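Have a look at the structure below before the remarks.
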Amino acid sequence: MSEKIRKTDAEWRSKLTPEQYHVTRQKGTEPPFTGEYEDMDAEGTYKCVCCGQPLFSSDAKYHSGSGWPSYYQPIAPDNVATERDSSHGMARTEVLCSRCDAHLGHVFDDGPAPTGQRFCINSAALHFDEKKGGGKD
C-alpha cells in the first residue's frame, strides 16, 4: 500500500477548487445531477482529485439514477477505505481515499451484480484520465 499523503489545510486549499476542498476535506456533498462525471460514459480511470491514486475504472461504472457517479467496485480494494458515518441522522458507510483520506462519497448495498454494492461518489472528488485509443495504457 502507498505511503500516506498528509498536507496542511492551507496546502489542500491551494491545490483544490473551493468545491473540491469542501467535498474532499470537509466531507461535503455536491448537489445531485450536477457533477461533471455523473453522465460520463468514456473509458478510463477515475483518480483521487487530491493525490492522484486510481480509484475506479469506467468498466465498473453504471447509471444508478442517484444523481452521482456510481461504481460497483473500486479499481483495487486497498485504494479505498471505509468508515461508519452517522452524520445527518442516518447510518451510512463513508468511502475515503486510502492514501490521502479524502472523502469520496458513500457505499450502499443496493448495487448491481457482481458485487451488489453502489459506490456513490462525488464528481468533485475525482479526476478522470481517459483511455487513449488503440494501445494499452
Side-chain angles (χ1 to χ4, degrees):
M1 189 151 110
S2 301
E3 188 173 325
K4 282 280 193 185
I5 292 177
R6 305 220 187 274
K7 295 182 186 251
T8 66
D9 191 58
E11 288 172 320
W12 286 124
R13 283 185 188 273
S14 71
K15 176 180 174 36
L16 303 168
T17 68
E19 182 182 34
Q20 290 168 337
Y21 178 84
H22 174 67
V23 168
T24 62
R25 308 322 306 176
Q26 297 179 314
K27 301 182 185 292
T29 301
E30 65 199 11
F33 303 103
T34 63
E36 95 179 270
Y37 302 129
E38 199 263 328
D39 277 329
M40 171 84 71
D41 286 324
E43 290 185 35
T45 302
Y46 295 86
K47 297 181 176 181
C48 177
V49 74
C50 294
C51 72
Q53 175 162 254
L55 299 170
F56 299 96
S57 168
S58 60
D59 294 340
K61 188 173 189 291
Y62 70 99
H63 293 284
S64 69
S66 67
W68 291 275
S70 297
Y71 311 85
Y72 59 79
Q73 68 187 14
I75 208 161
D78 288 346
N79 290 17
V80 298
T82 59
E83 61 182 51
R84 183 175 167 79
D85 173 6
S86 55
S87 65
H88 305 292
M90 55 187 131
R92 300 181 292 175
T93 302
E94 180 183 6
V95 180
L96 304 156
C97 173
S98 66
R99 186 157 61 185
C100 71
D101 295 327
H103 170 77
L104 304 173
H106 293 88
V107 63
F108 303 94
D109 291 326
D110 61 2
T115 65
Q117 293 186 305
R118 173 173 52 98
F119 287 82
C120 190
I121 307 298
N122 290 282
S123 289
L126 302 171
H127 168 76
F128 182 69
D129 275 352
E130 190 164 357
K131 183 178 181 181
K132 306 298 182 237
K136 293 187 177 179
D137 289 341

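Note that the coordinates shown come from a computational prediction; the quantities given were computed from them, not determined experimentally.
Panel note: side chain Thr82, backbone Val80; no donor-acceptor pair is recorded below 3.5 Å. Checked by atom type and distance alone, the side chain of Gln20 pairs as donor or acceptor with a backbone atom of Thr17 at under 3.5 Å. A donor-acceptor pair under 3.5 Å is absent between the side-chain atoms of Ser57 and the main chain of Ile75, judged by distance alone. For the pair Thr24 (side chain) and Ala102 (backbone), a donor-acceptor distance under 3.5 Å is absent. At distances below 3.5 Å, at least one donor-acceptor pair connects side-chain atoms of Ser98 with backbone N or O atoms of Asp78. A donor-acceptor pair under 3.5 Å is formed between the side chain of Asn122 and the backbone N or O of Leu104.
From His127, atom NE2 reaches atom CG of Leu55 across 11.5 Å, with rounding to the nearest 0.5 Å. For the atom pair SG (Cys51) and NZ (Lys7), the distance works out to 9.0 Å, reported to the nearest 0.5 Å. To the nearest 0.5 Å, the span separating CG on Leu126 from SG on Cys48 amounts to 8.0 Å. In this structure, CG on Asp109 lies 9.0 Å from OG1 on Thr115, to the nearest 0.5 angstrom. Between the NZ atom in Lys131 and the CG atom in Asp59 there is a gap of 7.5 Å [rounded to 0.5 Å]. Note that the OG1 atom of Thr45 and the CZ atom of Phe56 stand 12.0 Å from one another [nearest 0.5 Å].
No continuous path of ILVMFWY side-chain contacts below 4.5 Å connects Val95 to Phe108, so the two sit in separate hydrophobic clusters. Linking ILVMFWY residues whenever their side-chain heavy atoms come closer than 4.5 Å, directly or via other members, leaves Val23 and Val49 in distinct clusters.
Looking at every heavy atom in both residues, Ala42 comes nearest to Phe128 through O-CZ, 3.6 Å. When all heavy atoms are compared, the tightest approach of Ser123 to Glu38 is OG-N, 3.7 Å.
Inter-residue side-chain proximity for Asp85 and Glu83 is flagged as unmet; no heavy-atom pair is nearer than 4.5 Å. By the 4.5 Å heavy-atom criterion applied to side chains, Arg118 and Ser66 are counted as neighbours. The shortest side-chain heavy-atom distance between His63 and Asp39 falls under the 4.5 Å cut-off.
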*Taking it one step at a time, do Ser64 and Cys120 satisfy side chain to side chain contact (heavy atoms under 4.5 Å, CB included)?*
CA-CA 9 Å; Ser64 69; Cys120 190; 5.8 Å; no
_Residues Trp12, Cys100; criterion side chain to side chain contact (heavy atoms under 4.5 Å, CB included); working and verdict_ = CA-CA 11 Å; Trp12 286 124; Cys100 71; 4.0 Å; yes
*Could you walk me through whether Arg92 and Ser87 pass side chain to side chain contact (heavy atoms under 4.5 Å, CB included), step by step?*
CA-CA 8 Å; Arg92 300 181 292 175; Ser87 65; 3.7 Å; yes
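Residue pairs meeting the salt bridge (Lys or Arg N to Asp or Glu O under 4.0 Å) criterion with at least one partner in residues 18-36, sequence neighbours excluded, are Lys27-Glu94. Evaluation of the ring-ring contact (aromatic ring centres under 6.0 Å, His included) test over residues 18-37, restricted to residues two or more places apart or in two chains, returns Tyr37-Tyr46.
In this pair, His106 and His103 present their aromatic rings perpendicular. The plane angle is above 60°, beyond the 30 to 60° band.
Electrostatic pairing of Lys61 and Asp41 does not count as a salt bridge here, judged by no charged N lying under 4.0 Å from a carboxylate O.
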